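First up is the structure itself, then whatever we jot down about it.
Below, all heavy atoms of this structure are taken into account, side chains as well, without hydrogens, waters or symmetry copies. Just so we're clear, the structure is a prediction, and the values are computed from it rather than from any experiment. Just so it is clear: chains get the letters A, B, ... in the order the sequence lines come, proteins before strands, and each one is counted from 1.
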2 protein chains.
Amino acid sequence: MQKQETLTKNQKIILDLIEKSDQPLKAYSILFDVKKKGINAPLQVYRALKKLVKIGKIHKIESRNAFIACKNSKCQIAKATVFSICESCEDVTEIHDHKLSEHLRDFKDNKGMKYSKYNLEFFGICKKCV
Amino acid sequence: MQKQETLTKNQKIILDLIEKSDQPLKAYSILFDVKKKGINAPLQVYRALKKLVKIGKIHKIESRNAFIACKNSKCQIAKATVFSICESCEDVTEIHDHKLSEHLRDFKDNKGMKYSKYNLEFFGICKKCV
DNA sequence: AACGCTGTGTAATAATATAACATATTTAAG
DNA sequence: CTTAAATATGTTATATTATTACACAGCGTT
Ligand SMILES: [Zn+2]
Ligand SMILES: [Zn+2]
Ligand SMILES: [Zn+2]
Ligand SMILES: [Zn+2]
């Protein structure tokens with residue numbers, strides 16, 4: 001069983017917002033949306049985001065500087081993420097592919113470095129946009 | 001045979017600088033370094049970077065907002081990049097692993113999306129930093 | 001010559017993210 | 001219970017990363 005993290009008020013507000021969106025949200029768009037809930041400054045948003053990323057509730061889409069909720073209830077994959085990104089409509093989907101995960105998890109380079117984490121972003125054109 | 005791109009003066013200056021560094025450089029650090037060569041504004045740097053990325057001479061390390069030269073003379077892998085990043089010393093190495101590349105190139109998700117590009121970043125602690 | 005394309009130079013500004021400081025709250029130890 | 005450490009908050013200011021807008025130059029095509 002995972003340790004159940006207790007979220008603070010700000011963290012809950014921001015996680016809530018991100019979970020309600022099926023697409024990644026940007027920090028300043030989050031800030032705009034939570035101003036009515038008393039969160040006034042960028043730093044309050046960034047601090048909550050940092051924590052939520054750390055505990056695996058959300059992931060950062062690095063190439064887009066945006067944050068998306070993790071739909072995987074186990075949340076053990078916070079450090080092993082794969083995304084599919086449509087370069088036309090910017091639709092982002094988290095990919096959970098067992099075989100691919102295994103390959104990535106087991107990957108060893110020729111320098112003997114041990115990897116604790118990876119992030120893979122696939123880019124293309126989604127079915128809708130073809 | 002690849003089409004040989006002719007680089008402009010600004011592009012050459014900036015590629016030169018990046019190629020001389022074995023580690024990723026940030027845009028504003030590049031700007032600082034090339035001011036003595038008459039490049040004065042961020043936009044001049046970003047425009048050159050954009051072109052150099054496009055033709056595969058350099059890659060952007062998305063999680064670091066930094067740019068590294070591609071050592072692969074063929075430059076056909078501009079759209080299929082794998083990096084190893086040390087979270088302690090920030091050392092970055094481009095990985096060329098045939099088997100891994102094959103797996104990634106052949107990956108199909110269950111949504112029938114065709115991928116034209118991917119970027120994978122592995123994180124860990126390098127041998128020096130252990 | 002007229003056009004499209006790519007690149008340049010400059011100024012201004014937008015977008016993303018962190019530093020620094022004072023204070024509050026929660027947790028864990030003694 | 002008291003104390004100390006760890007975590008979170010609120011606020012202001014600032015740093016860092018990246019783009020918009022505009023005027024113009026060079027080059028190859030028609
Ligand atoms: Zn996830
Ligand atoms: Zn799409
Ligand atoms: Zn490369
Ligand atoms: Zn290292």
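- Between the P atom of C:dG9 and the OH atom of B:Y46 lies a distance of 18 Å, rounded to the nearest Å.
- With C:dT8, C:dG7, C:dA17 as the choices, the nucleotide that has an atom nearest any side-chain atom of A:Y28 turns out to be C:dA17.
- Between B:A41 and A:K26, the residue anchored closer to the 5' end of DNA chain C is B:A41, taking for each the nucleotide with the nearest heavy atom.
- Rounded to whole angstrom, the span from the CG atom of A:N10 across to the C1' atom of C:dA24 amounts to 13 Å.
- Side-chain contact, B:K111 with A:T93: a donor N or O sits under 3.5 Å from an acceptor N or O.
- Ion pairing between A:D16 and A:K12 fails under the 4.0 Å rule for side-chain N and carboxylate O.
- A donor-acceptor pair shorter than 3.5 Å can be found between the side chains of B:S63 and B:E121.
- Donor-acceptor pairing under 3.5 Å is recorded for the side chains of B:D91 and B:Q23.
- Closest heavy-atom contact between A:G112 and A:D109: N-OD1, 3.1 Å.
- Defining each end axis of the helix from C:dA1-D:dT30 to C:dG30-D:dC1 as the rotation carrying four pairs' C1' atoms onto the next four, with five pairs an end, the two axes are found to diverge by 40° to 10 degrees.
- Rounded to an integer number of Å, the gap from B:E62 CD to C:dT16 P is 14 Å.
- Taking the side chain of B:Q44 as heavy atoms from C-beta on, and the options C:dG9, C:dG7, C:dA17, the nearest nucleotide is C:dG9.
- To the nearest angstrom, C1' of C:dG7 lies 9 Å from NZ of B:K51.
- Straight-line distance from the CZ atom of A:F67 to the P atom of C:dA15: 16 Å, rounded to whole Å.
- In the hydrophobic clustering of ILVMFWY residues, with side-chain heavy atoms under 4.5 Å counting as a link, B:L7 and B:I68 come out apart.
- For the pair A:K50 NZ and C:dA19 C1', the interatomic distance rounds to 12 Å; values are reported in whole Å.
- Atom P of nucleotide C:dA15 and atom CG of A:L25 are separated by 16 Å, given to the nearest angstrom.
- Using a 3.5 Å distance cut-off with no hydrogens or angles, the side chains of A:Y118 and A:T81 do not pair a donor with an acceptor.
- Under 4.0 angstrom from either OP1 or OP2 of C:dT16 there lies no side-chain N or O belonging to B:N65.
- Straight-line distance from the CG atom of B:L31 to the C1' atom of C:dT10: 13 Å, rounded to whole Å.
- Among the protein residues, B:K60 comes within range of the sugar-phosphate backbone only, with heavy atoms under 4.0 Å from sugar or phosphate atoms but none that close to a base.
- First and last contacts of DNA chain D with chain A, using any nucleotide atom under 4.0 Å from a protein heavy atom and ordered 5' to 3', fall at D:dA8 to D:dT12.
- Criterion: ILVMFWY side-chain heavy atoms under 4.5 Å apart, direct or through other members. Under it, B:V82 and B:I61 are not part of a common hydrophobic cluster.
- Cluster annotation: B:Y46 is connected to B:I58 through the hydrophobic network of ILVMFWY side chains, with a link wherever side-chain heavy atoms come within less than 4.5 Å.
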